[in-house]
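Chain letters run A, B, ... following the sequence lines, proteins first, then strands; residues in each count from 1. Side-chain atoms are counted along with the backbone in the values below, which use heavy atoms only and exclude waters and symmetry mates.
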There are 2 protein chains.
Amino acid sequence: MSVDEHRATPVPPTLHDVAREAGVSLATASRALNGSTRTVNETFRRRVLDAALRLNYTPNLSAQAVAKGLSSTISLLVSDIADPYFSSIAAGAIRAADEQRIATTMAVTHRDHERELELVRVLRGQRPRAIILTGSRWDGVASEHRLSDELAAYESTGGRVVLVSQRTLPFATVQLGNATGARELARELVGAGYRRFAVIAGDDRLLTSRERVSGFAEGLAEHGIAIHPSRIVRAEFTRDGGRQGAAELLNVGLDDVDLVFAVNDVMAIGAMSAFRAAGLRLPEDLAVAGYDDIATSRDVTPALTTVAVPLEAVGEHAVRLALDPATDSTTTEPVGATVLLRESTPPRA
Amino acid sequence: MSVDEHRATPVPPTLHDVAREAGVSLATASRALNGSTRTVNETFRRRVLDAALRLNYTPNLSAQAVAKGLSSTISLLVSDIADPYFSSIAAGAIRAADEQRIATTMAVTHRDHERELELVRVLRGQRPRAIILTGSRWDGVASEHRLSDELAAYESTGGRVVLVSQRTLPFATVQLGNATGARELARELVGAGYRRFAVIAGDDRLLTSRERVSGFAEGLAEHGIAIHPSRIVRAEFTRDGGRQGAAELLNVGLDDVDLVFAVNDVMAIGAMSAFRAAGLRLPEDLAVAGYDDIATSRDVTPALTTVAVPLEAVGEHAVRLALDPATDSTTTEPVGATVLLRESTPPRA
DNA sequence: CTGTTAGCGCCTTCAG
DNA sequence: CTGAAGGCGCTAACAG
């Protein structure tokens with residue numbers, strides 16, 4: 001009767017078990033199974049590998065992490081994983097991490113900055129190789145300073161921080177060309193014959209919203225076109241936010257508007273639904289444009305004009321920056337965007 | 001000049017540092033910071049907490065895991081995180097895990113069973129509290145046995161396995177009522193006046209596809225309706241698969257069909273796009289129905305008739321099963337589905 | 001090339 | 001209630 005049968009909770013085999021089974025020392029077993037630098041006699045190697053296989057041994061990654069003071073994990077923070085914007089970035093990030101045999105831990109902030117700060121503290125406990133923060137940064141939000149301090153503390157103890165958004169904090173960042181993309185969209189829309197615009201924006205402290213709105217306005221300004229302030233409404237960065245923004249525009253009146261730009265596709269799609277519910281025909285009565293090029297944008301009717309952001313590539317870049325030793329807190333990786341004119345904004349006479 | 005300034009790589013403060021800073025022993029510091037059972041003098045408690053705050057200390061979770069032989073992580077396997085079906089489940093799972101202060105590690109199988117098996121092996125190394133496998137199980141696929149063995153080994157060493165799909169393997173599972181949902185859908189569709197059906201299914205070894213097809217057929221059979229085998233095509237479980245399936249149906253001819261049921265929304269939406277590209281008017285010329293009720297299904301035009309699966313709740317259930325000590329390998333949690341009749345299947349005269 | 005021996009950061013009996 | 005000491009599984013010098 002082995003000692004195992006006395007134990008209340010069964011327990012996975014350890015390296016020690018493998019070594020004993022193979023009749024070698026712990027060190028040899030360790031080297032045979034992982035041994036980066038050192039090499040080990042082929043006979044012993046086989047014996048160890050066989051033993052490991054026989055016992056169905058899997059190295060305890062936590063133990064490895066404490067022993068070498070380096071984990072094989074990265075942490076990815078997203079606002080909402082059910083949002084296609086973030087799930088696409090996550091897909092790219094997970095794939096890139098996977099290629100380097102790094103596991104990805106995901107956490108969700110629900111767009112709450114206090115929560116985001118708290119999560120960073122918790123995640124630090126995992127001692128991940130890197131923490132990647134996705135989602136727009138905020139302006140004029142007190143917690144941003146505390147967040148920055150927390151991240152700086154993390155970096156000062158060997159971690160790496162990568163931001164996906166704006167470079168408002170002193171960390172490596174994958175920069176999304178929001179202003180440029182929106183400006184280009186505005187130009188193309190003017191080129192297509194549109195002149196009278198309204199905008200459904202997000203919270204003005206959300207830099208992504210701000211950049212897209214101001215970039216769009218700049219593009220229009222180049223053609224001497226201005227957006228009347230009453231034609232810019234703000235709402236949440238969600239589908240319902242889009243519906244609400246549309247309702248608000250409907251209230252102030254849309255007679256002098258021929259195109260509504262929602263600062264992201266999810267909102268644009270919500271807005272389309274609200275406009276249609278109000279009896280408007282799209283695109284005949286009103287044109288709509290969004291931003292991001294989420295998968296749904298081509299499946300709605302009319303297909304949504306938008307600005308494509310290579311989201312999966314963004315996730316990959318973020319991980320690459322995170323894992324590249326050459327990266328430091330001043331590193332920056334710009335990512336471009338591409339205007340996609342579709343049926344929701346047909347050329348106007 | 002402190003010793004820290006000599007170190008090549010900076011390092012996070014340890015519990016030892018905190019204890020020294022607070023002028024107490026390691027044990028006291030440990031108890032003050034986590035100490036479940038033991039209680040510690042209020043004065044010391046404060047001293048320790050203050051010291052921890054001052055040093056910006058975060059407990060090393062890996063070290064805790066090795067010390068107590070129990071990690072605070074669960075692993076979630078999905079086929080494709082950018083697919084709204086899985087990202088919704090993930091959202092629910094992450095939230096539920098979060099509530100119990102458990103971190104979620106995500107891995108992606110890309111619908112490859114070999115990869116899935118490999119991932120389980122790797123993930124076991126993390127010693128997660130549980131491994132949750134989402135996505136349809138396969139029938140007649142050799143690796144399912146090896147997977148089962150691997151999972152059994154994991155469970156025999158204290159882990160917990162939860163499946164989200166079919167209970168074809170001897171582990172706790174959240175069972176999705178695919179057959180029931182599809183049968184109900186068929187009934188409602190017949191009730192709405194439809195009589196001639198075609199189906200876009202997935203790989204026949206995919207149990208989710210099979211269950212939905214056979215449930216649907218059963219529902220029709222109750223009314224004496226059969227689907228001609230040539231009107232059942234198979235394709236990948238993706239949007240492109242849906243397009244392809246639609247093309248195939250278009251080829252064999254759709255004159256004697258008034259409704260196409262795609263076994264999931266993503267495929268249904270791809271099919272709609274293909275049908276429309278072929279000049280069909282939806283729903284006048286052809287009705288379409290899907291399954292899952294992903295967010296996009298209500299945003300397409302016409303809005304898609306589907307069967308709602310409470311995806312986020314499914315994720316939550318999976319985590320609850322995973323973390324509930326009362327769960328064992330025979331536990332089962334059935335989850336119902338609800339038919340949602342929308343514009344893509346208007347009542348027929 | 002192999003084995004012995006300290007740790008890694010933390011928890012947890014076990015004495016005081 | 002507190003502190004000292006051993007151990008968790010593994011790695012990395014250090015000898016042999």
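Rounded to whole angstrom, the span from the CG atom of A:Leu26 across to the C1' atom of C:dA6 amounts to 13 Å. Nucleotide D:dG3 holds its P atom 10 Å from the CG atom of B:Asn41, rounded to whole Å. The distance from atom CG of A:Leu33 to atom P of D:dT11 is 8 Å, rounded to the nearest whole Å. Here C:dT2 presents its P atom at 8 Å from CZ of A:Arg31, a figure rounded to the nearest Å. Rounded to whole Å, atom P of C:dC1 lies 12 Å from atom CZ of A:Phe44. One can place CZ of B:Arg124 at 15 Å from P of D:dG9, the figure rounded to the nearest angstrom. Rounded to a whole Å, the NE2 atom of B:His16 is 10 Å from the P atom of D:dA4.
Residue A:Ser30 has a polar side-chain atom (N or O) positioned under 4.0 Å from OP1 or OP2 of D:dT11.
Using a 3.5 Å distance cut-off with no hydrogens or angles, the side chains of B:Asn34 and B:Gln64 do pair a donor with an acceptor. B:Asp328 and B:Thr331 share a side-chain donor-acceptor pair at under 3.5 Å.
Mapping B:Ser25 and A:Pro12 onto DNA chain D by nearest heavy atom places B:Ser25 closer to the 5' end of the strand.
In this structure, B:Ser71 contributes its side chain and B:Arg127 its backbone to a donor-acceptor pair below 3.5 Å. Distance alone, capped at 3.5 Å, is enough to place a donor-acceptor pair between the A:Asp17 side chain and the A:Thr14 backbone.
Each of A:Asp80, A:Val78, A:Ile81 was checked for a side chain to side chain contact (heavy atoms under 4.5 Å, CB included) with A:Ser87, and the lone residue meeting it is A:Ile81.
Side-chain proximity of B:Leu15 to C:dC11, C:dC1, C:dG3: nearest is C:dC11.
With sequence neighbours excluded, no residue forms a ring pair (Phe, Tyr, Trp, His ring centres under 6.0 Å) with A:His317.
Non-hydrogen atoms lying under 4.0 Å from DNA chain D are contributed by B:Val66, B:Ala67, all within residues 58-74 of chain B.
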